[in-house]
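Have a look at the structure below, then the notes.
A note on names: the letters A, B, ... follow the listed sequences, proteins ahead of strands, and every chain is numbered from 1.
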Number of protein chains: 2
Amino acid sequence: MDKVQFTIMTNSRHITGSDIPWYPDGMSDLLERLRTRGWRLTAQRRVVAEVLDGDHVHLTADEVHARAARLLPEISRATVYNTLGELVTLGEVLEVSTDGRARRYDPNAHHAHQHLVCSHCGTIRDVHPVGDPLAALPAGERFGFTVSDVEVTYRGTCPDCSATAA
Amino acid sequence: MDKVQFTIMTNSRHITGSDIPWYPDGMSDLLERLRTRGWRLTAQRRVVAEVLDGDHVHLTADEVHARAARLLPEISRATVYNTLGELVTLGEVLEVSTDGRARRYDPNAHHAHQHLVCSHCGTIRDVHPVGDPLAALPAGERFGFTVSDVEVTYRGTCPDCSATAA
DNA sequence: ATAGTGAATTGGACTTTGTCCATGTCGTGG
DNA sequence: CCACGACATGGACAAAGTCCAATTCACTAT
Ligand SMILES: [Mn+2]
Ligand SMILES: [Mn+2]
Ligand SMILES: [Zn+2]
Ligand SMILES: [Zn+2]
């Protein structure tokens with residue numbers, strides 16, 4: 001694993017590689033891919049990418065902002081929204097709306113999966129149903145649509161909430 | 001089909017059966033069921049029920065309010081939200097969040113179905129996939145959850161939007 | 001290393017969607 | 001027809017997201 005050293009300068013602060021010791025492989029890959037797509041590598045974008053790193057998070061925009069602000073206190077809400085929107089457009093991050101409230105951002109965009117949600121506490125787990133969920137929709141039920149995607153949300157009660165209720 | 005005649009009086013207005021000529025069978029069934037569950041039959045609840053009548057609508061709360069207000073101008077937003085919430089709790093209406101924006105209310109709660117959504121214009125159609133979508137989630141992918149429900153959202157482009165784009 | 005340029009960031013105003021509450025009204029049983 | 005408690009109301013509030021003009025800064029060419 002190569003450590004990626006870098007220096008960020010803003011008018012008011014200097015952030016160096018020792019503040020954010022290194023980028024894991026997954027993220028340097030992501031940043032690399034984005035750079036070749038013409039992205040300017042700003043401190044804000046790096047920090048948002050770092051927060052999303054690790055394939056098992058499903059954070060709201062405000063949660064991303066809160067975590068990003070621990071690394072880069074002056075980052076704005078608007079920039080977090082902008083960056084998340086761009087990542088979604090580029091297909092690097094998925095947007096999921098499991099609860100009719102805040103959208104959640106899922107960096108696990110390169111492995112097809114579905115979600116299992118606890119109706120009590122909101123916990124989300126990645127799950128992998130067998131078979132192709134698209135195949136379950138017969139042609140006669142497509143009404144002339146070009147169907148390109150399926151989202152499946154399983155709902156139930158997680159072990160913790162089952163225990164608490166008992 | 002029996003026509004249900006009634007009279008509604010408020011302090012400022014009188015609404016009679018001739019303003020809202022009759023209730024279709026489906027809705028008188030619904031109102032009847034609600035009455036036996038202890039509901040007070042207010043003018044507001046009747047109007048919300050009428051707006052939701054017809055099994056093929058997926059309206060937002062504000063759309064329900066706008067249509068209800070055409071029949072009963074003084075109805076408040078809070079009452080529409082309250083009534084929709086009660087109907088959901090009673091299992092008479094389903095809440096669906098297909099777009100991460102406003103929740104939609106689906107009166108087709110007594111026939112299991114899923115949704116096909118146009119990513120461009122937001123049109124929603126009821127669809128009936130084959131097989132039980134719950135069966136596709138193996139025990140090893142349930143992580144101790146008690147899974148009780150599945151929602152499937154198919155996304156694509158509707159015929160109208162395909163034609164426009166071409 | 002420096003400067004020019006357009007892309008990115010910022011904070012705050014604004015919108016949409018939804019909740020909450022004190023007050024007043026009205027549906028219903030007696 | 002009354003009394004009572006459930007229901008409706010509107011306005012304040014909160015949460016989630018968008019938009020914009022002004023400023024800053026990343027990158028490229030010199
Ligand atoms: Mn996921
Ligand atoms: Mn439906
Ligand atoms: Zn739980
Ligand atoms: Zn369409």
Classify every nucleotide of nucleotides 1-12 of chain D by which part a protein heavy atom approaches to under 4.0 Å, writing B for the base, S for the sugar-phosphate alone and - for neither, in 5'-to-3' order. ----BBSSBB--

Let me know the distance between [atom1] of [X] and [atom2] of [N], rounded to the nearest Å.
| X | N | atom1 | atom2 | value |
| --- | --- | --- | --- | --- |
| A:D62 | D:dT18 | CG | P | 12 Å |
| A:R37 | C:dA7 | CZ | C1' | 18 Å |
| A:L34 | C:dA7 | CG | P | 17 Å |
| A:Y81 | C:dA13 | OH | C1' | 15 Å |
| A:L84 | C:dA8 | CG | P | 15 Å |
| A:D99 | D:dA15 | CG | P | 14 Å |
| A:R104 | D:dA15 | CZ | P | 15 Å |

Consider only side-chain heavy atoms of I, L, V, M, F, W and Y, link residues closer than 4.5 Å, and tell whether A:I124 and A:L116 are in one cluster. no

Just by distance, with hydrogens left out, do B:H58 and B:D126 show a side-chain donor and acceptor under 3.5 Å apart? yes

Using atom types as modelled and distance alone, determine if a side-chain donor or acceptor of A:T36 lies under 3.5 Å from a backbone N or O of A:R33.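 Judged by distance alone, yes, a pair lies under 3.5 Å.
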
So which heavy atom on A:R142 is nearest to which on A:L134, and how close?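 Residues A:R142 and A:L134, closest heavy atoms: NH2-O, 3.0 Å.
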
Can you see which heavy atom on B:C118 is nearest to which on B:C158, and at what distance?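 Minimum heavy-atom contact is SG-N, 3.4 Å.
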
Does CZ belonging to A:R101 count more than 12 external heavy atoms closer than 6.0 Å?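 At most 12 heavy atoms, drawn from other residues, nucleotides or ligands, come within 6.0 Å of this atom.
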
